Amino acid sequence: MVTSLRTHVCGELRASHAGETVRLGGWVHRSRDLGGLVFIDLRDRSGLVQLSFGPAWSSADAIAAAAAVGVESVVLVEGIVVERTEAQRNSDMATGDVDVQVTSVRVVGPAETPAFPVAPAKSDKLPSEELRLRHRYLDLRRSELQRSLMLRHRLMQSTRRFLDARGFLELETPILTKPTPEGARDYLVPSRVHAGEFYALPQSPQIYKQLFMCAGYDRYFQIARCFRDEDLRADRQPEFTQIDIEASFVGQEDILSVAEQLIRELWGTAGVPAQSPFPRMTYAHAMEHYGCDRPDLRYDLQLHDMTSVFATSDLPFLQAAIARGERVRGLRVPGGGTMSRKQTDELEQLAKGAGASGLLVIKCTTEGLDGKVAKSLAAGAGDALGLNAGDLGLYVTGADHFASPALDRIRQSVAQRLQLIPQNTHAFVIVTDFPMFERDPVTGVLGAVHHPFTAPHPDDISLLGSTPERARALAYDIVYDGLELGGGSIRISDPALQARIFSLLGIDDATANARFGFLLEALRSGAPPHGGIAFGLDRIAMLLSGATSLRDVIAFPKTTAARALFEGAPSPVPPDDLAELSLRVANRSEVVA
RNA sequence: GGAGGCGUAGCUCAGUUUGGUUAGAGCACUCGACUGUCACUCGAGAGGUCGCGGGUUCGAGCCCCGUCGCUUCCGCCA
């Protein structure tokens with residue numbers, strides 16, 4: 001940090017430095033001109049320190065310069081660290097016990113009035129996202145973003161140290177790679193040399209890391225940039241970073257063990273507690289009891305099967321549903337009886353929006369059950385439903401693949417409305433035994449839940465020929481507060497099994513060879529058992545820094561329209577550039593030459 | 001692709017409901033005063049394509065149509 005231009009950084013000065021002559025460089029954070037005295041809060045990435053200018057120790061020129069310099073200008077100063085008197089101390093600042101009495105000052109980087117305040121008043125809101133992105137160099141000066149990016153750096157270094165110490169090799173994979181029709185849309189890069197042909201930017205290094213395993217690099221990791229051309233969200237950017245891990249001669253437990261330790265390491269780096277071991281849950285259990293594959297275990301609102309209780313009701317639509325083999329599932333909301341009719345109506349709308357046919361609402365009061373369906377239930381149904389006075393029961397009937405997501409939405413909404421989510425508490429869970437396949441609800445075609453290289457559970461190989469949709473995979477996710485931190489699987493290392501899975505997915509030999517031939521060849525050349533996992537680094541950095549948007553942990557993010565406002569990408573290119581790539585833009589009228 | 005929110009001074013916003021004189025406030029900025037401030041204080045001043053285009057109207061920041069940008073969600077994201 002010490003250079004030929006400075007002896008210290010702003011944030012490190014303490015009373016113990018009193019009497020030392022120091023040279024500092026930094027940005028003018030704020031200044032206060034009292035006439036005879038001028039104070040400047042000088043900022044660098046280490047923090048703030050107060051410079052003081054006064055006639056007893058500064059030249060008249062220095063005082064004049066200090067009074068005139070604008071905020072966000074860069075200055076070099078030399079001065080003496082002095083301990084402040086008791087009355088002058090500022091306990092809100094780490095350096096608040098000292099001033100630097102400046103003897104000389106040089107404005108080396110004068111600043112125009114910034115487009116928005118870098119040092120906002122406490123009452124100020126943040127400027128608009130658009131402005132922050134357009135002037136990203138200013139936004140990045142704010143302490144929140146500096147803290148987030150510094151945390152992100154520490155997380156990356158922790159990852160490297162942790163994995164290096166365990167024998168993982170950091171290996172790079174191509175950015176210019178092969179288009180994959182599966183999964184997300186690819187970003188394509190035209191080839192100049194080969195007219196009409198395209199590279200794709202990688203959606204993940206999946207196949208490459210499997211090739212490393214086939215090549216004997218039996219522990220690999222990479223902090224890998226990935227690209228997916230899909231619409232954005234607050235937690236989704238078109239380019240993002242994964243902590244990508246793969247290892248050979250491993251089973252599921254080996255990977256999960258490393259993953260859990262790495263997560264503990266990262267949480268430790270951020271100073272956030274992480275209890276371990278992480279609880280485990282199968283996919284089937286998660287869907288049955290929480291209605292989703294990434295349950296938020298910070299609160300306990302579980303779904304229960306109440307079919308038998310409602311079977312005794314005399315409501316025709318319920319009888320019909322149960323006769324069709326549908327179940328009635330729902331949740332008991334302790335203390336939910338306080339919810340108004342309007343609120344429960346909103347819950348019903350939410351359930352319908354998520355695909356449910358409706359929502360049965362039963363309130364349990366000291367006088368008994370209350371609600372449209374309550375009187376149709378047999379006496380004592382309240383006990384069977386497990387409802388106590390003051391509770392609310394919410395029930396959905398329907399096929400599980402409609403009812404479960406709907407119940408999940410209701411769970412989450414109720415937890416929020418009734419503030420059942422404890423603050424400063426976090427919950428990990430490892431979800432295992434994901435299904436291999438899911439059927440497209442419209443076409444009935446099988447698709448891979450994870451990806452087509454995922455190994456089936458050894459106990460379920462026999463199901464592949466009969467009911468493949470019931471087969472489980474050796475695939476797993478690590479979930480934190482209801483968010484997916486990462487996921488992975490044991491891969492198929494047997495080329496015959498891989499061919500069989502492709503066939504089930506409707507990928508014929510010729511197609512498989514054209515798309516994944518290089519992987520299949522490698523599998524035939526002597527492939528060790530292998531598997532891995534990938535974590536979303538951006539999301540982890542976001543969670544651990546307390547940011548609410550991925551944009552606040554990525555130095556130069558894209559807008560929700562996938563534009564880079566600062567540098568102005570994407571942009572049209574001159575016709576000559578297109579010609580060299582053998583490209584023509586379809587609708588020329590829309591292109592600004 | 002769809003639905004919602006936002007767009008007024010450099011920044012954050014009020015004003016739009018019910019169209020009507022010169023579009024306001026705080027902060028920032030400029031000038032002046034001030035020797036212990038730390039969101040310094042006080043005085044004065046400057047600062048506007050009401051996102052853009054079109055329409056209705058005697059008259060539009062306000063109403064209508066279109067469009068652009070930012071954002072949240074749904075679809076999408078093996």
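Numbered from 1 within each chain, the chains take letters A, B, ... in sequence-line order. On a predicted model such as this, the values are computed, not experimentally measured, just so you know.
Within a 6.0 Å sphere centred on CZ of Arg515(A), heavy atoms belonging to other residues, nucleotides or ligands number more than 12. Summarising the local packing, CZ of Arg470(A) is surrounded by 12 or fewer heavy atoms from other residues, nucleotides or ligands at distances under 6.0 Å. Under a cut-off of 6.0 angstrom, the local environment of OH in Tyr199(A) is sparse, with at most 12 non-hydrogen atoms contributed by other residues, nucleotides or ligands. Counting heavy-atom neighbours within 6.0 Å of Phe402(A) CZ, excluding the residue itself, gives a total of 12 or less. Annotation: Gln419(A), atom CD; neighbour count of heavy atoms from other residues, nucleotides and ligands within 6.0 Å does not exceed 12.
The CD atom of Glu130(A) sits 10 Å away from the P atom of C11(B) (whole-angstrom rounding).
Checked for salt-bridge contact, Arg236(A) and Glu230(A) miss the test: no charged N lies under 4.0 Å from a carboxylate O.
U56(B): no Watson-Crick or G-U partner with both key distances under 3.5 Å is found in any strand. Of all nucleotides present, none satisfies the Watson-Crick or G-U wobble test against G36(B) with each distance under 3.5 Å. Judged by Watson-Crick or G-U wobble contacts below 3.5 Å, the nucleotide U18(B) has no partner. Judged by Watson-Crick or G-U wobble contacts below 3.5 Å, the nucleotide U12(B) has A25(B) as its partner. Remark: C6(B) base-pairs with G69(B); criterion is Watson-Crick or G-U wobble with both hydrogen-bond distances under 3.5 Å. Pairing for A78(B) is absent, judged as Watson-Crick or G-U wobble with the two contacts each under 3.5 Å.
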Exercise for review: For nucleotides 3-10 of chain B, just jot down a letter per nucleotide in 5' to 3' order: B, S or -, based on protein non-hydrogen atoms under 4.0 Å.
Suggested key: -------S
Exercise for review: Produce a footprint string for nucleotides 72-78 of chain B: one letter per nucleotide, 5' end first; B if the base is under 4.0 Å from any protein heavy atom, S if only the sugar-phosphate is, - if neither.
Suggested key: SSBBBBB
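Between the side chains of Asp244(A) and Tyr220(A), at least one donor N or O lies within less than 3.5 Å of an accepting N or O. Asp44(A) and Ser46(A) share a side-chain donor-acceptor pair at under 3.5 Å. When only modelled atom types and interatomic distance are considered, Asp345(A) and Gln349(A) share no side-chain donor-acceptor pair under 3.5 Å. A side-chain donor from one of Thr173(A) and Gln222(A) sits under 3.5 Å from a side-chain acceptor of the other.
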Practice item. Kindly indicate, with the supporting measurements, whether the criterion side-chain contact (heavy atoms from CB on, under 4.5 Å) is fulfilled by Ser489(A) and His451(A). Key: CA-CA 9 Å; Ser489(A) 63; His451(A) 58 55; 4.0 Å; yes
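Taking atom P on both C62(B) and U16(B), the two are 12 Å apart, rounded to the nearest angstrom. Nucleotides C11(B) and C6(B) place their C1' atoms 16 Å apart, quoted to the nearest Å. Across the C1' atoms, G24(B) and C34(B) are found 30 Å apart, a figure rounded to whole Å. Using P as the reference atom, G53(B) and C58(B) are 23 Å apart when rounded to the nearest Å. To the nearest whole angstrom, the two P atoms, one in G19(B) and one in A3(B), are 28 Å apart. If you take atom C1' in C40(B) and the same atom in G51(B), they sit 37 Å apart, rounded to whole Å. Separation of the C1' atoms belonging to G61(B) and A23(B) is 8 Å when rounded to the nearest angstrom. Distance check on atom C1': G2(B) versus A78(B) gives 24 Å, rounded to whole Å.
Set against U71(B), G36(B), C38(B), the side chain of Thr559(A) has U71(B) as its closest nucleotide.
Within the structure, salt bridge (charged side-chain N to carboxylate O under 4.0 Å, His left out) contacts touching residues 26-38 of chain A (residues at least two apart or in different chains) are Arg32(A)-Asp41(A). A salt bridge (charged side-chain N to carboxylate O under 4.0 Å, His left out) check over residues 492-513 of chain A, counting only residues at least two apart or in different chains, returns nothing.
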Tabulate atom names and distances for all N/O pairs under 3.5 angstrom spanning the protein and nucleotides 40-45 of chain B.
{"residue": "C40(B)", "atom": "OP2", "partner": "Arg32(A)", "partner atom": "NH1", "Å": "3.0"}
{"residue": "C40(B)", "atom": "N4", "partner": "Asp33(A)", "partner atom": "O", "Å": "2.3"}

Would you tabulate the pairs of protein nitrogen or oxygen atoms and nucleotide nitrogen or oxygen atoms of nucleotides 13-15 of chain B closer than 3.5 angstrom?
{"residue": "C13(B)", "atom": "OP1", "partner": "Lys125(A)", "partner atom": "NZ", "Å": "3.2"}

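Note: Glu484(A) CD to Asp293(A) CG = 7.5 Å, rounded to the nearest 0.5 Å. Put simply, OH on Tyr208(A) and CG on Leu519(A) are 11.0 Å apart, with the number rounded to the nearest 0.5 Å.
Contacts of Asp92(A) with the nucleic acid, taken as non-hydrogen atoms under 4.0 Å apart, are absent. Residue Ala56(A) is out of contact with every strand shown, counting any heavy-atom pair closer than 4.0 Å. Residue contacts shown for Pro120(A) are absent, as no nucleic acid heavy atom lies under 4.0 Å away.
Residue Gln88(A) places no side-chain atom within donor-acceptor reach of the base of U37(B), judged by atom type and a 3.5 Å distance cut-off alone.
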